[in-house]
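Sequential numbering from 1 along the given sequence is applied to the chain's residues. Note that these values count all heavy atoms, side chains included, but never hydrogens, waters or copies made by symmetry.
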Amino acid sequence: MSGPLNDPSGLVLLYDDLASQLGYLMGAATEVNKEKVNFMAHHGKGLVYVCITESHAKRLALPLIGGAGSLQSAKAFAVSVDYTTSTTGISTFERAETIRAFARAGTKAEDFKRPGHIFPLISSDKGIITKRNICEAAVSLADMLTKEPVAYLCEILDEKGKIASLDRLREMAELHRLPFVTISEVTTWQLEKTNWLDIGERKVMKAANQEIDVYQMTNRLNESSFTVYLRKTRDKLKRIHVYEQCIWGDLLNENQNCSCEKHFPYYFDQLLYGTYSCLIYQRADERQPLSAEEKRVVIKQLREWIQQTDMTQKSDQKIKELT
């Protein structure tokens with residue numbers, strides 16, 4: 001990333017490194033003004049869009065062009081609009097006013113003329129985690145910067161009107177001191193920013209003269225549930241192992257029909273011996289497996305939760321000792 005990403009009022013060069021390899025100038029709608037829209041139109045040379053969530057579009061009665069199924073496409077457009085006070089709607093001042101209206105809480109459907117000069121791009125309500133496209137990235141980034149999930153952006157073309165190359169995009173970012181951000185980076189930030197774990201039922205089981213805390217948890221990242229086995233006698237949370245259920249080995253005790261090196265009993269023994277501090281058991285019937293990046297984030301959040309739990313338990317014990 002080039003340039004600091006600490007000024008919510010500034011523009012960002014947002015690059016789709018996952019699919020189209022297109023670059024966009026992007027800003028948070030709460031900070032839009034005519035100068036920034038003019039900069040986009042002059043240096044980007046593409047269309048200027050406003051990016052909002054699906055629920056936001058419904059609240060403003062903005063129908064999708066192509067119907068509800070178009071949300072599955074890379075870019076889902078709603079009918080174009082101008083703000084009610086616009087005259088021609090094409091000036092940078094009026095386009096900025098239209099964009100800013102989307103970020104105001106009190107804006108109503110009747111505050112827009114249709115059709116107009118600003119095309120709303122519609123983001124899935126589930127966001128960048130489930131749909132890794134430019135609109136979702138822009139909405140997520142605007143939300144991170146300003147707490148308001150409304151963005152505006154413009155494609156970047158070169159001097160010949162063709163799609164700007166990655167080298168040209170980097171040159172532009174350097175020349176105008178714009179942060180260069182990729183969709184992959186926004187996805188990672190969103191993963192780490194959101195708390196995905198819901199803690200459910202807790203039980204205590206005894207095995208080999210030890211007590212094991214057993215928690216049922218839900219991971220909202222992929223709408224799955226899993227079981228956490230946690231050693232009570234631990235100094236630090238040194239090692240966490242994620243075990244994905246093997247039907248052949250765990251349930252049928254059959255090792256010849258799977259490629260697993262070891263099965264759950266082995267890893268549970270390692271938990272008892274202290275090789276692992278925590279064992280996460282994910283069942284084979286869950287909707288979708290976690291990617292390596294998603295697994296890393298869940299483990300990081302689980303580690304933070306366990307450390308906080310340990311601190312709370314130690315504090316409670318101190319209170320009991322003093323009373």
Side-chain angles (χ1 to χ4, degrees), residues 8 12 14 16 18-20 22 24 26-32 47-81 98-112 114 118-153 181-198 218-225 286-291 293-294 297-298 301:
V12 173
L14 185 57
D16 183 356
L18 300 180
S20 69
L22 280 170
Y24 297 80
M26 172 260 164
T30 55
E31 308 297 322
V32 68
L47 282 174
V48 177
Y49 311 97
V50 63
C51 300
I52 59 175
T53 63
E54 180 185 2
S55 56
H56 195 161
K58 288 179 180 177
R59 180 170 61 83
L60 295 177
L62 293 172
L64 285 165
I65 298 175
S70 63
L71 265 179
Q72 306 307 316
S73 62
K75 287 182 179 177
F77 290 94
V79 63
S80 61
V81 297
T98 299
I99 293 167
R100 190 180 300 108
F102 279 94
R104 285 198 292 264
T107 300
K108 304 180 293 296
E110 52 267 30
D111 291 331
F112 294 105
R114 307 140 198 256
I118 294 294
F119 282 89
L121 274 178
I122 311 304
S123 162
S124 165
D125 281 337
K126 294 182 179 179
I128 188 70
I129 303 304
T130 57
K131 187 181 178 186
R132 300 182 182 186
N133 287 326
I134 192 65
C135 184
E136 283 73 15
V139 167
S140 289
L141 192 52
D143 189 36
M144 292 179 203
L145 291 171
T146 67
K147 308 299 182 185
E148 188 64 45
V150 184
Y152 63 108
L153 52 79
V181 179
T182 66
I183 289 182
S184 292
E185 288 177 312
V186 177
T187 303
T188 298
W189 296 338
Q190 188 67 61
L191 276 169
E192 295 180 346
K193 172 178 175 285
T194 307
N195 179 19
W196 301 105
L197 300 181
D198 288 332
T218 300
N219 172 23
R220 290 182 288 105
L221 186 57
N222 66 344
E223 297 300 327
S224 66
S225 59
E286 300 302 351
R287 295 186 182 181
Q288 63 183 53
L290 296 175
S291 68
E293 182 183 29
E294 292 168 345
V297 170
V298 169
Q301 293 186 356

Would you call the rings of Phe77 and Phe119 parallel, tilted or perpendicular if under 30° counts as parallel and over 60° as perpendicular?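 Correct class here is perpendicular.
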Heavy atoms of other groups near Lys193 NZ, more than 12 under 6.0 Å: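 Check passes, neighbour count above 12.
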For [X] and [Y], work out which heavy atoms get closest and say how close.
X      : Y      : value
Val181 : Val12  : CG2-CG1, 3.7 Å
Asn133 : Ile183 : C-CD1, 3.8 Å
Ala28  : Thr146 : CB-CG2, 3.6 Å
Ala78  : Ile65  : O-CD1, 3.6 Å
Ala61  : Arg114 : O-NH1, 2.9 Å
Ala103 : Glu148 : O-CD, 3.9 Å

Determine whether Thr107 and Asp111 satisfy the following criterion, side chain to side chain donor-acceptor pair (under 3.5 Å), listing intermediate values before the conclusion. CA-CA 7 Å; Thr107 300; Asp111 291 331; 4.7 Å; no
Please examine the side chains of [Y] and [X], heavy atoms only from C-beta on, and report whether any two atoms are closer than 4.5 Å.
X      : Y      : answer
Ser123 : Leu121 : no
Phe102 : Leu60  : yes
Val32  : Val50  : no
Val186 : Leu14  : yes
Trp189 : Ile128 : no
Thr30  : Val150 : no

Just do the side chain to side chain donor-acceptor pair (under 3.5 Å) check on Thr182 and Ser184 with the steps written out, would you? CA-CA 5 Å; Thr182 66; Ser184 292; 4.7 Å; no
Set out, in order, the CA-CA distance, both residues' side-chain angles and the distance that settles side chain to side chain contact (heavy atoms under 4.5 Å, CB included) for Ile52 and Leu62, then state yes or no. CA-CA 11 Å; Ile52 59 175; Leu62 293 172; 4.1 Å; yes
Under 4.0 Å between a side-chain nitrogen and a carboxylate oxygen: does that hold for Glu136 and Arg132?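 Not counted as a salt bridge, because no side-chain N and carboxylate O are separated by less than 4.0 Å.
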Derivation of the side chain to side chain contact (heavy atoms under 4.5 Å, CB included) call for Ile122 and Cys135: CA-CA 7 Å; Ile122 311 304; Cys135 184; 5.7 Å; no
Report the distance from atom CG of Leu191 to atom OG of Ser140, rounding to the nearest 0.5 Å.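 If I round to the nearest 0.5 Å, the distance is 10.0 Å.
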Nearest 0.5 Å, what's the NZ-OG1 distance between Lys58 and Thr53?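 Separation between the atoms: 10.0 Å.
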Looking at Ile134, is its backbone amide N or carbonyl O close enough to the side chain of Asp16 to form a donor-acceptor pair, meaning the two atoms are under 3.5 Å apart?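 Side chain of Asp16 to backbone of Ile134, a donor-acceptor pair under 3.5 Å: no, none is there.
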Tell me, with the steps shown, if Gln190 and Met144 meet side chain to side chain contact (heavy atoms under 4.5 Å, CB included). CA-CA 8 Å; Gln190 188 67 61; Met144 292 179 203; 3.5 Å; yes
